[in-house]
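Structure first, then comments.
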Number of protein chains: 4
Amino acid sequence: MPCQPECRGDGWLGVSGAAGRLSPRALGLWLGALPAGRFNNLTDVPGVTVGHVSLIRGQGPLVPGQGPVRTGVTAVVPHAGNMYRRPCRAAVYVFNGFGKSIGVPYIRETGLINAPILLTNTLSVNDVANGVIDYLLRQNGKIGNDARTPDIVVFECDDSYLNDIRGRHVKPWDAILALERAAAGPVAQGNAGAGVGMSCFQLKGGIGSASRLIPGKTGARFVLGMLVLANFGLQEDLLVNGVPVGRLLPAEASGSHVPGSLISVGVTDAPLSSRQLEKLAARTALGQARTGSLSRTGSGDFALLVSTAPLTECGSVSDWALDGYYQAIVEATAESIWNAIFLAETMVGRDGHLRKALPVGETLAIIRSWAGGLN
Amino acid sequence: MPCQPECRGDGWLGVSGAAGRLSPRALGLWLGALPAGRFNNLTDVPGVTVGHVSLIRGQGPLVPGQGPVRTGVTAVVPHAGNMYRRPCRAAVYVFNGFGKSIGVPYIRETGLINAPILLTNTLSVNDVANGVIDYLLRQNGKIGNDARTPDIVVFECDDSYLNDIRGRHVKPWDAILALERAAAGPVAQGNAGAGVGMSCFQLKGGIGSASRLIPGKTGARFVLGMLVLANFGLQEDLLVNGVPVGRLLPAEASGSHVPGSLISVGVTDAPLSSRQLEKLAARTALGQARTGSLSRTGSGDFALLVSTAPLTECGSVSDWALDGYYQAIVEATAESIWNAIFLAETMVGRDGHLRKALPVGETLAIIRSWAGGLN
Amino acid sequence: MPCQPECRGDGWLGVSGAAGRLSPRALGLWLGALPAGRFNNLTDVPGVTVGHVSLIRGQGPLVPGQGPVRTGVTAVVPHAGNMYRRPCRAAVYVFNGFGKSIGVPYIRETGLINAPILLTNTLSVNDVANGVIDYLLRQNGKIGNDARTPDIVVFECDDSYLNDIRGRHVKPWDAILALERAAAGPVAQGNAGAGVGMSCFQLKGGIGSASRLIPGKTGARFVLGMLVLANFGLQEDLLVNGVPVGRLLPAEASGSHVPGSLISVGVTDAPLSSRQLEKLAARTALGQARTGSLSRTGSGDFALLVSTAPLTECGSVSDWALDGYYQAIVEATAESIWNAIFLAETMVGRDGHLRKALPVGETLAIIRSWAGGLN
Amino acid sequence: MPCQPECRGDGWLGVSGAAGRLSPRALGLWLGALPAGRFNNLTDVPGVTVGHVSLIRGQGPLVPGQGPVRTGVTAVVPHAGNMYRRPCRAAVYVFNGFGKSIGVPYIRETGLINAPILLTNTLSVNDVANGVIDYLLRQNGKIGNDARTPDIVVFECDDSYLNDIRGRHVKPWDAILALERAAAGPVAQGNAGAGVGMSCFQLKGGIGSASRLIPGKTGARFVLGMLVLANFGLQEDLLVNGVPVGRLLPAEASGSHVPGSLISVGVTDAPLSSRQLEKLAARTALGQARTGSLSRTGSGDFALLVSTAPLTECGSVSDWALDGYYQAIVEATAESIWNAIFLAETMVGRDGHLRKALPVGETLAIIRSWAGGLN
């Protein structure tokens with residue numbers, strides 16, 4: 001019998017704020033020059049909603065198909081309308097293609113996205129995609145009869161270090177539930193939704209989010225919101241604000257390295273063209289670099305950028321006005337990743353595999369005493 | 001209750017040869033200068049096997065979920081071994097990205113393919129992918145525990161003009177069945193497997209295949225085999241051997257145009273690098289052009305090329321020796337598409353939608369009387 | 001002392017019409033369904049001008065630096081205004097990158113072209129570029145002081161089979177002269193400008209041009225004009241209207257194969273975005289395929305597309321309306337290539353190297369008697 | 001009369017070490033975990049040589065064609081042999097295509113480079129290219145007669161803020177001179193060669209170089225050397241070791257921002273394939289990010305990677321062994337850029353335009369007192 005929705009976490013269970021963990025911004029770290037939005041979240045972009053389904057069940061030895069389960073699904077919905085009938089300008093930049101995410105070629109060809117964006121684990125991509133298809137077919141009686149079909153977009157990372165990934169515990173109805181839960185307001189970070197089983201820098205990783213306000217010429221301001229699924233890197237790679245924290249902390253990793261990935265989803269209300277959104281997407285690489293990422297072999301580093309502005313307005317921004325967006329996306333991508341590791345809590349997964357939370361106290365002490373390596 | 005395997009066609013039902021339809025080669029048309037392989041099929045490449053599951057059920061008005069069903073799945077297996085443990089060099093060229101095929105970014109990044117290749121309809125991609133995952137997980141106990149996962153490759157075309165595509169009648173076990181049926185020898189063409197519900201030039205399309213032998217320096221010969229899923233074009237586009245047959249035939253289409261796609265899969269035993277395979281893949285565009293393709297908006301034209309040579313040998317062919325392969329792929333791609341439309345039979349689908357078979361007699365008469373438009 | 005302008009041909013010397021050679025259209029061949037523009041030339045696009053400088057000097061053995069000279073330069077000017085101050089939307093598609101053309105990355109990044117387009121031989125690219133820089137600096141006092149510079153666009157083919165290419169006989173002032181000669185009206189084809197020393201299918205090649213009118217919704221019509229520099233292929237590759245003329249003609253080649261290239265330049269007055277222009281540029285591959293091109297190793301096949309519509313209007317055409325443009329560019333590219341070989345005259349070059357003109361009478365006879373290979 | 005070679009600086013005039021400026025490594029900054037090579041220079045790769053010609057002449061108001069001249073040319077020669085006859089595996093990654101560098105498409109198509117690499121200012125690209133052609137034609141009598149030509153590679157940045165760029169003072173013989181001067185040993189950095197007139201973070205920029213040793217499995221070690229031409233960014237962007245030095249220093253810029261560029265050239269003796277070299281090239285973006293680069297609009301950020309290993313050995317390294325190279329290129333790219341700004345001296349150029357050297361004392365003080373923004 002399938003698990004009922006009620007036994008599925010809403011993303012707030014075992015998550016960040018709940019446990020009193022603080023974001024680097026709350027701790028006082030310098031995170032760039034541009035102002036953040038109200039919640040410093042992807043949902044600061046008007047109309048954007050996010051929903052999580054977190055699956056945490058069982059403990060002990062791995063029994064494929066039974067657990068332990070440490071996984072989930074996260075839905076990012078660019079606007080409250082019908083995405084299939086009212087698509088958005090979009091672009092994808094694949095900095096490191098070592099991933100199994102789906103939906104990329106269509107976005108590249110058309111510069112459009114006509115479905116919500118889902119994140120999950122590598123082997124659950126197709127179950128989640130089937131959930132999105134169910135959802136869209138129900139919403140759009142014409143699909144298939146009008147000789148058109150939606151382009152389903154599901155991004156993934158590998159959570160097999162903690163999770164029974166072969167069990168494919170994320171089901172189509174979990175994707176639908178994540179879509180139905182999608183809401184405005186603060187986004188649960190760390191061990192939430194698709195982030196439940198993810199590792200980053202051999203510590204606990206997962207979902208992170210941040211936003212920036214971009215000043216316009218006439219006083220109007222646009223918002224750029226980012227949400228990442230952070231699941232990459234060795235501890236020794238980790239930089240916080242340029243400080244090689246990963247090398248200066250005692251080794252925390254209980255197990256061998258698992259090649260991970262980084263999924264970055266950005267949304268803005270600025271009327272950028274898909275060509276311009278692709279430039280922004282490329283610059284997520286500059287943001288991840290600030291956290292020490294080497295984009296190691298095996299890491300699928302995909303960035304998706306979406307504009308919620310009306311299609312007819314997109315393209316009205318000059319390329320020469322993009323620099324503010326570049327600064328925004330670099331800052332917000334880096335902060336999102338740091339948010340993921342600062343907010344995620346320690347988790348024990350299958351076979352007793354352990355991912356410790358970043359030790360925040362030691363981290364801050366290291367940052368305070370570091371002087372660029374100078375004596 | 002799911003349909004049992006025995007009620008699923010093996011690809012020979014309602015197909016080509018069975019009905020006495022002849023290929024353009026059998027009819028005497030000139031199809032290029034290079035010799036074809038034994039069967040003039042993808043399976044002429046040693047070790048390559050192909051399996052079809054054809055789903056043809058019901059008639060009359062469309063009742064989504066019930067039918068009529070005119071669809072299927074086709075499996076191309078590059079070698080008889082374990083694809084996950086023994087991957088092949090591969091490359092993808094996306095000439096027109098208006099498609100929802102999956103598995104592309106990983107092949108681009110690594111130059112490798114580590115799963116069999118499946119073809120099906122647009123909305124069944126994920127069910128077929130789940131079947132391939134089932135198949136590979138069963139075969140490879142290590143997947144997920146070794147921190148690696150296969151890259152599932154499923155290509156698709158839209159068969160909604162004839163098929164109840166919203167019903168998603170292709171199930172994971174159909175993909176597995178197609179893999180289990182995969183065999184050497186002649187490939188069923190036309191209304192077989194994924195080709196059952198496809199249209200091409202507003203006529204009946206589907207699966208086509210062809211092969212070419214490429215002379216080497218030392219007398220040794222390599223084989224290039226092609227298999228296409230042909231589902232694109234308006235009748236007015238159709239060229240056969242340069243003759244605008246589509247314009248000279250009476251209009252056959254009973255319904256409006258459905259934007260289609262062309263999937264081209266090529267395999268060779270030559271030890272080409274992935275860089276070289278990408279060049280071959282690009283040249284499928286030159287082959288499809290000979291059939292009159294304009295790669296219209298809405299057509300997802302994806303080409304995948306695979307070498308079955310050992311990984312360690314790949315890259316030993318000079319770029320200056322590629323011209324023979326270019327000629328082979330251009331000829332074999334064009335012939336595969338013509339094979340699809342010459343061999344496919346008339347089919348009635350949902351809501352009485354009709355796709356007539358190419359009228360071969362009239363076609364030959366037109367070719368005979370055409371003189372390049374000269375008086 | 002540099003050669004004075006007056007000793008440089010204007011492109012009408014030894015060219016096409018002058019010698020009574022006829023285009024395939026004039027000969028009655030079927031060249032597609034869309035209507036051609038007034039001159040069936042690139043210059044049918046309002047405001048577009050073309051200028052040639054043809055350098056033909058000396059005969060006999062090659063003395064590098066002295067000759068014999070069989071080369072030239074061709075200028076394509078999208079509009080009569082200042083290209084640097086009023087750039088156009090543009091896109092490049094590199095189907096086969098085996099070339100040394102310059103200016104590509106900037107167009108890809110910005111979707112704009114801010115300089116005229118020049119064609120010449122491979123080793124003269126930089127002299128021609130310097131001529132364009134001279135021209136633009138003179139025209140634009142601000143360049144360099146405003147922290148911006150133009151992106152110089154020079155495309156090239158290798159004419160070394162007939163020409164003393166090491167002598168680099170095209171000088172900066174030849175580029176300027178070609179720009180100054182640029183005019184509306186019929187374009188000299190065959191042995192004109194950059195086409196003087198080019199070979200195609202081991203016959204005499206060079207410049208070819210054609211155009212198509214694209215019907216719009218409201219009765220308005222846009223024009224697509226193409227100009228090619230055709231310098232590729234073996235005789236055995238040549239198809240005319242699907243007929244393997246190259247194989248059916250007696251072997252004409254006096255010398256070994258020289259890997260060539262194909263440069264395709266298209267201009268339209270339709271307000272297409274650079275994303276859309278890139279799709280058109282890709283489809284020049286479908287046009288060249290109709291002439292039998294295999295895009296052999298060593299062939300640099302570059303396509304540039306430009307829209308002359310105001311920047312602010314570009315992007316107002318739906319992707320779903322592109323099919324007419326696709327048909328136009330496929331037809332016009334193929335016809336341009338055939339024009340180049342039908343109109344070019346026999347030429348003797350360095351060391352007595354000979355490129356014969358296509359024997360038109362035999363070609364037409366072959367086309368008339370061919371019946372697709374059928375008995 | 002052209003300037004004679006003897007009046008052209010050798011790159012040691014007005015450069016780095018000469019003036020007692022120290023590199024960040026000499027100053028004690030932490031620059032990553034991998035060991036540097038002997039000179040911490042590109043020339044640590046066996047066989048690689050670098051040559052500069054620095055042109056510094058005149059002062060006062062700009063008189064186009066006369067000066068003041070603040071420019072130059074730098075040659076990077078991968079091996080001492082004949083590059084045309086013995087090409088190297090190579091790859092280019094264009095992170096931001098807003099540049100006018102030449103030679104990119106051929107490298108992409110073939111995965112090879114068959115000419116030395118030159119760097120200069122934007123408007124002198126073609127004169128430098130002509131110098132390289134002169135050099136290669138003299139060295140290779142067969143070019144042009146063998147139906148092949150070299151792919152000339154010249155990268156550029158815009159030095160017009162200090163230099164009379166319209167005067168195009170770099171001549172073909174300067175390129176030849178730089179090639180002839182190319183030598184092993186320490187590389188002049190800062191205001192050397194092509195770096196003479198460049199700005200970075202609105203401070204004085206120019207040439208920087210660094211290297212890393214990569215541990216192999218069997219004790220053998222490969223070297224990765226980097227050389228950058230650093231000419232990008234606003235002062236406010238500058239990060240040193242994560243510290244926002246640019247924002248914490250007083251504003252140094254005397255003039256408005258000039259959109260610049262970053263050219264990164266890497267060479268290794270490891271037998272990497274061109275596919276692998278492209279992955280390394282991409283990761284220069286992760287290195288430049290550590291210096292605060294946003295890759296602003298107008299910045300042409302091109303990375304070229306070359307392997308000097310024999311062609312037949314290239315490709316023998318597993319992708320899973322690339323992580324060490326990734327770490328090396330990220331560290332060496334960042335250090336090269338910091339080297340450029342730490343070593344370049346203050347320069348006054350045309351119209352009294354001033355680019356101050358990075359104030360090293362203040363910079364170190366800022367780094368010492370910074371604690372990640374924490375109280």
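Convention: sequence-line order gives letters A, B, ...; per-chain numbering from 1. The structure presented is a predicted model; accordingly, all values stated were derived computationally and were not measured.
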If you compare all heavy atoms of D:N130 against all heavy atoms of C:R168, which two are closest, and at what distance to 0.1 Å? OD1-NH1, 3.3 Å
Quick check on D:D351 against chain C: is it the side chain, the backbone, both or neither that has a heavy atom closer than 4.5 Å? neither
For each of C:I143, C:V104, C:T122, tally heavy-atom pairs with chain D at distances under 4.5 Å, and name the one with the top tally. C:I143
Identify the residues of residues 148-155 of chain C whose heavy atoms come closer than 4.5 Å to a heavy atom of chain D, ordered by number, or report 'none'. C:R148, C:T149, C:P150, C:D151
Picking from C:G103, C:S101, C:G141, which has the most non-hydrogen pairs under 4.5 angstrom with chain D? C:G141
What part of D:I165 is in contact with chain C, defined as an atom under 4.5 angstrom from a non-hydrogen atom: side chain, backbone, both or neither? side chain
Report which part of D:N140 has an atom under 4.5 Å of a heavy atom belonging to chain C: side chain, backbone, both, or neither. backbone
Can you list every pair that meets salt bridge (charged side-chain N to carboxylate O under 4.0 Å, His left out) and has a residue in residues 101-114 of chain D, with sequence neighbours left out? B:K279-D:E109
Between C:D127, C:T110, C:V94, who has the most heavy-atom pairs with chain D when the cutoff is under 4.5 Å? C:D127
Contact part of C:N145 toward chain D, heavy-atom cut-off under 4.5 Å: side chain, backbone, both or neither? both
How far apart are the closest heavy atoms of C:L123 and D:I133, and which atoms are they? O-CD1, 4.0 Å
If you count heavy atoms of other groups shown closer than 6.0 angstrom to CD of D:Q59, is the number above 12? no
I need the minimum non-hydrogen distance between C:R166 and D:R138, along with the two atoms involved. NH2-N, 4.5 Å
Chain C contact via D:L62 - side chain, backbone, both or neither, heavy atoms under 4.5 Å: side chain
Side chain from CB out, backbone as N, CA, C, O: work out which of these in D:N96 comes under 4.5 Å of a heavy atom of chain C, or both, or neither. both
Identify, with sequence neighbours excluded, every residue that meets side chain to side chain donor-acceptor pair (under 3.5 Å) alongside D:R275. B:S274
Smallest separation among heavy atoms of C:P105 and D:F302, with atom names: CB-CZ, 3.7 Å
Mind checking side chain to side chain donor-acceptor pair (under 3.5 Å) for D:S261 and listing every partner two or more places apart, or none if nothing turns up? none
Tell me, do D:I102 and C:N126 make a side-chain contact under 4.5 Å, heavy atoms counted? yes
Leading residue by heavy atom contact count with chain C [cutoff under 4.5 Å; candidates D:G298, D:G99, D:G300]: D:G99
